[in-house]
Structure formats: C-alpha cells, structure tokens
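Before any comments, here is the structure.
Scope of the values below: all heavy atoms of this structure, side chains included, with no hydrogens, waters or symmetry mates. Computed from a predicted structure; not experimentally measured.
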Number of protein chains: 2
Amino acid sequence: MKEKRTIQSVQKLIVAFFRASRRMPSYAEMIDILGVRSKSVVNFWINKLIDAGILEKDGKGRLTFTKRAFAVPKVGSVQAGFPSPEEESLCDIMSMDEYLVTKPDASFLLQVSGDSMIGEGILEGDLVIVEKGRQPKNGDVVIAEVDGEWTMKYFKRQGKQIVLEAANPKYPLIKPKTELRLGGVVTAVIRKYHQ
Amino acid sequence: MKEKRTIQSVQKLIVAFFRASRRMPSYAEMIDILGVRSKSVVNFWINKLIDAGILEKDGKGRLTFTKRAFAVPKVGSVQAGFPSPEEESLCDIMSMDEYLVTKPDASFLLQVSGDSMIGEGILEGDLVIVEKGRQPKNGDVVIAEVDGEWTMKYFKRQGKQIVLEAANPKYPLIKPKTELRLGGVVTAVIRKYHQ
DNA sequence: CCTTATATAGAACATTCGTTCTATTGTCAA
DNA sequence: TTGACAATAGAACGAATGTTCTATATAAGG
C-alpha cells in the first residue's frame, strides 16, 4: 500500500509547498514533505528534478523552479483543435502577475460598473488593471474624470481636440470643455467566473 | 547627494529582488541590495519592515511578505469615483495566479480565435483559463468538440438534451447528435492590451 | 559646546544550510 | 538463492545563515 515516489509526485509536493509558503522548502523541511527520513534522499530527488529540468540552481546555488515547472500550459487556439497533454506547447508565461502587471508600482485594480465599454468586451463586474501616469495612445481605454465624474472610455484625438467615446452606442461622445483629468490607461481586463 | 533609505525604498528594493528571483534575498545579499555594509544594518531595516507590517516571519522563522506588501491595490468601482492613494482599500488579492488559477494542475490557457462568444465579452485574441474535468453548470462557457471540431460555447440544458449556444446570433444552435466531448470549463478571461 | 537619538559598521556566535560519504534496505531478474 | 541495481538511511562536514553584541559616525536640539 506504499505509494511510490515519482518525479511528478515529488514535483507536485514541492510546488504545493511553494504555492502555500511562497518560498522553497529547505532540505530539512523536504524530509517531512516527501515523507523520507534523510536529507540525502531529499538530495537524491532534487537532483532528479534538476535533471528533469523542473528545478534549477540560480547564480548563488539557490534552488528555484524553472519556468516549465510553474507555467500554466498554453495551448493553441480553440479552432486549431484541442490539446493533448503531450503537444502542450508550454508557454513562457511564468505567472499571471508578471504577464499582466508590468509596472506594479504604478498599477491598481478597478472593478467595472456600468456597460459603457461593452463593445470592447469589458463587462460589469470585470476587473481592469489601470496604469497611472502613462500617456494614452489614440484608441486606448482610459479612466478619465469629466465634469467631476470618473468614467471609462476610449481616448481619441479628433484633430487637436481630445474626445472620450464609449464602446456603447447609447452613450454620447464626450468633448471635455475645460480640463481632462486622466486616471490612467487600462492595460488588461480580467474576468473570473464564479465557481 | 545621498539618497536616504526609507521603509518604502527598502520595501521596493526587496520586492524587486523577490519579483526577479522568486525568493527572499538573504541578509548577506541584502547588503548589496540596500547598499549598506553590514548585516546588522540589514537586520535593523528588516525589523522596521516587520513592524510596519510589510514583512513577517513564518512558522520556521523565515522571512516572507505579508499580503499587503504584494497586492496590487484594488479600489472601488469606476463610477464610485477615483481613488486617492490614501483610501486605496488594499484588496486581498495576493497574486493574480492565486486569484485566477484555483486548480493549477487541471488548468491550461487557450487563445481565443473567432467571434462566437463576442456577446459574452470574449474577443478574438483573449486568453481563457480552462479547467479540465469539471462538470459544467447550465450557462457555463465550455470548450467542446462537436463533429470533430473544437469550439467555445455556452453549455445549456434543454430538458434532457444538451445544446451548445454561441454568444453571437450569427452562429447556429448546436445540438450534438451522438457524443459530446467536453474539453473543460472556462473559469476566467484575460485580455492584455499591447503596450 | 554637550546631550540625545538615529543610523551604520564590524565582529562574534550558535544554528542551520546543502553536500557528500558509507552503509543498509528493497526489488526484480537470472 | 544469488547478483545487480535503485532507493533509502544516517552521520559528518564546511559554508552560509540570521541574530546579537559593542563601537562609531551623523544629525538635531538645547
């Protein structure tokens, strides 16, 4: 009734620890994690994982995960057919954070209310990542204050005039008269379905 | 011309290291990171960060970030007005990964092609997170194989019959005749604007 | 000037780290 | 049974760890 240790099972245990603690376990801790009784056994399995390309050692000899170990596999497109586990082209997205939030210091999350950007696929309840202090390009989705109220709109130039346009025909075009306070540029949209 | 060290600047340096290396620096490494010449100075600042609630020590005395230190601040809704840095209600989203991918082992990413789910705010080029092996509820967005082709559709029950419906009127309702192979349930949508 | 508090330096320390060695156990085939 | 090999155990070791101590430099206030 002894379940054998495999590279996969060991990887799973260590990944679970890392996700929970946000750090690598020490060899001493891995004794308990892996259910063995000696650090040399831990070392044995660690070397296996290194050979398998799941772990690696950084410049200072510290154990780290390779991108492979952590990445959520990204497969082709929907229409291209469905993935078999083998052909999963492991993508280079190490973490959603790195992928989505390029400037953590200047970014914040905002929950969307209203349907003014529904044509852009931004629905009520979605989270958007907003980057402060960036100069918007024509057509960017921005957070802006108009007449004392904050809204999410397309940022567009009409000649020298700047206008704010909703992605919903039922909202009028906004031509700011005096000032236009920009809160930031929307760099990403996140929607999580309740489960 | 000496720039003073502050709690914020020290936090920033350590967070930067953590993001780059996915681990805490040792005190010896922090000597270089903080630009000081002694571990006792590092210890001095670390204690300050602990008092400030930015760092903490886990059960084994290991240094870890608190949720506060990492979270992208989440503020209210767009219409509710715009956030000032003070009123930022730091949200409990520690990382996008944790928030979006609840079952890392059973999930993968898929890039969307086509406009069949445009009514659901899922556009061409978006990434969706798909969870395998979950039983879909009525109205869930699923990846399914129909007549040898994979598509993304709403999963709906009509009595005992299961139908697949696009969120785009130009696509017909699909009533699978024989088999319905489910690839998974879409649990999240991610859109990143090119920058 | 002197006093006080803060920030930094450097050294010393016990503890823990990862590594490596030898020895033992278990498994499977011949 | 025997041999061969993989997996595990346990001990030993130098190196690195975080902590704590004393001492020095800097700045502000009286």
Side-chain angles (χ1 to χ4, degrees), chain A residues 1-70, chain B residues 1-70:
Chain A
M1 215 53 345
K2 47 159 61 179
E3 76 278 359
K4 250 191 286 186
R5 267 176 286 276
T6 64
I7 290 186
Q8 286 74 26
S9 74
V10 171
Q11 172 183 359
K12 209 166 171 178
L13 290 168
I14 299 178
V15 167
F17 182 97
F18 188 96
R19 286 193 186 270
S21 307
R22 289 186 293 279
R23 66 174 174 87
M24 272 289 173
S26 71
Y27 280 42
E29 289 172 318
M30 288 196 249
I31 288 179
D32 294 330
I33 295 172
L34 305 189
V36 297
R37 296 174 59 191
S38 166
K39 282 202 283 186
S40 63
V41 185
V42 172
N43 184 260
F44 172 83
W45 282 104
I46 292 295
N47 284 332
K48 276 212 163 192
L49 295 202
I50 292 176
D51 289 343
I54 295 162
L55 296 175
E56 62 185 357
K57 302 205 174 179
D58 64 7
K60 288 246 170 38
R62 300 297 232 295
L63 224 49
T64 54
F65 280 105
T66 58
K67 298 206 166 194
R68 279 193 47 201
F70 240 121
Chain B
M1 216 46 352
K2 46 161 58 180
E3 78 277 358
K4 252 190 286 185
R5 265 175 287 277
T6 63
I7 292 186
Q8 285 74 26
S9 73
V10 172
Q11 171 183 1
K12 209 166 170 178
L13 289 168
I14 299 178
V15 167
F17 182 96
F18 188 95
R19 285 193 186 271
S21 307
R22 288 186 295 279
R23 65 173 174 87
M24 273 287 173
S26 70
Y27 281 42
E29 290 171 318
M30 288 196 248
I31 289 179
D32 295 330
I33 295 172
L34 305 189
V36 297
R37 296 174 57 191
S38 166
K39 282 201 284 187
S40 64
V41 185
V42 172
N43 184 261
F44 171 84
W45 284 104
I46 291 296
N47 284 333
K48 278 213 161 193
L49 294 202
I50 292 176
D51 289 343
I54 295 163
L55 296 175
E56 63 185 356
K57 301 204 175 179
D58 65 6
K60 289 246 170 36
R62 300 297 232 294
L63 225 48
T64 53
F65 280 106
T66 58
K67 298 205 167 196
R68 279 193 47 204
F70 241 120

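Remark: A:Ile7 CD1 to A:Leu55 CG distance equals 10.5 Å, nearest 0.5 Å. The line from OG1 of A:Thr6 to CH2 of A:Trp45 is 6.5 Å long, rounded to the nearest 0.5 Å. A distance of 11.5 Å separates CD1 of A:Ile46 from CG of A:Asp51, quoted to the nearest 0.5 Å. Here the OG atom belonging to B:Ser26 is positioned 5.0 Å from the CZ atom belonging to A:Arg62, to the nearest 0.5 angstrom.
The distance between atom CG of A:Asp32 and atom C1' of D:dT8, rounded to the nearest whole Å, is 16 Å. Look at CG on B:Leu63: it is 16 Å from C1' on D:dA16, rounded to the nearest Å. In this structure, A:Tyr27 atom OH and D:dG10 atom C1' are separated by 17 Å, rounded to whole Å. Rounded to whole Å, the distance from CZ on B:Arg37 to C1' on D:dA25 is 12 Å. At whole-Å resolution of the value, CD in B:Glu56 and C1' in D:dG18 are 17 Å apart. Computed from coordinates, the B:Met30 CE to D:dT17 C1' distance equals 11 Å when rounded to whole Å. B:Arg23 has its CZ atom 15 Å from the P atom of C:dC17, to the nearest Å. The interatomic distance linking B:Leu49 (CG) with C:dA7 (P) rounds to 13 Å, in whole Å.
Contact between the side-chain N/O atoms of A:Arg62 and the OP1/OP2 oxygens of D:dT17 is found at a separation under 4.0 Å. At C:dC17, one or more side-chain N or O atoms of A:Ser26 fall inside 4.0 Å of OP1 or OP2 (strictly under the cut-off).
A:Ser40 meets the side-chain hydrogen bond (donor to acceptor under 3.5 Å, both in side chains) test with A:Ser38; sequence neighbours excluded.
For A:Thr66 (side chain) and A:Glu56 (main-chain N/O), no donor-acceptor pair under 3.5 Å exists by modelled atom type. Between the side chain of A:Asn47 and the backbone N or O of A:Asn43 there is at least one donor-acceptor pair closer than 3.5 Å.
Against DNA chain C, the stretch residues 39-47 of chain A makes heavy-atom approaches under 4.0 Å through A:Lys39, A:Ser40, A:Asn43.
Closest to the side chain of B:Ser38, from the set C:dC17, C:dA9, D:dA9, is C:dA9.
Residue B:Lys48 is classed as a sugar-phosphate contact, given heavy-atom separations below 4.0 Å to backbone atoms only.
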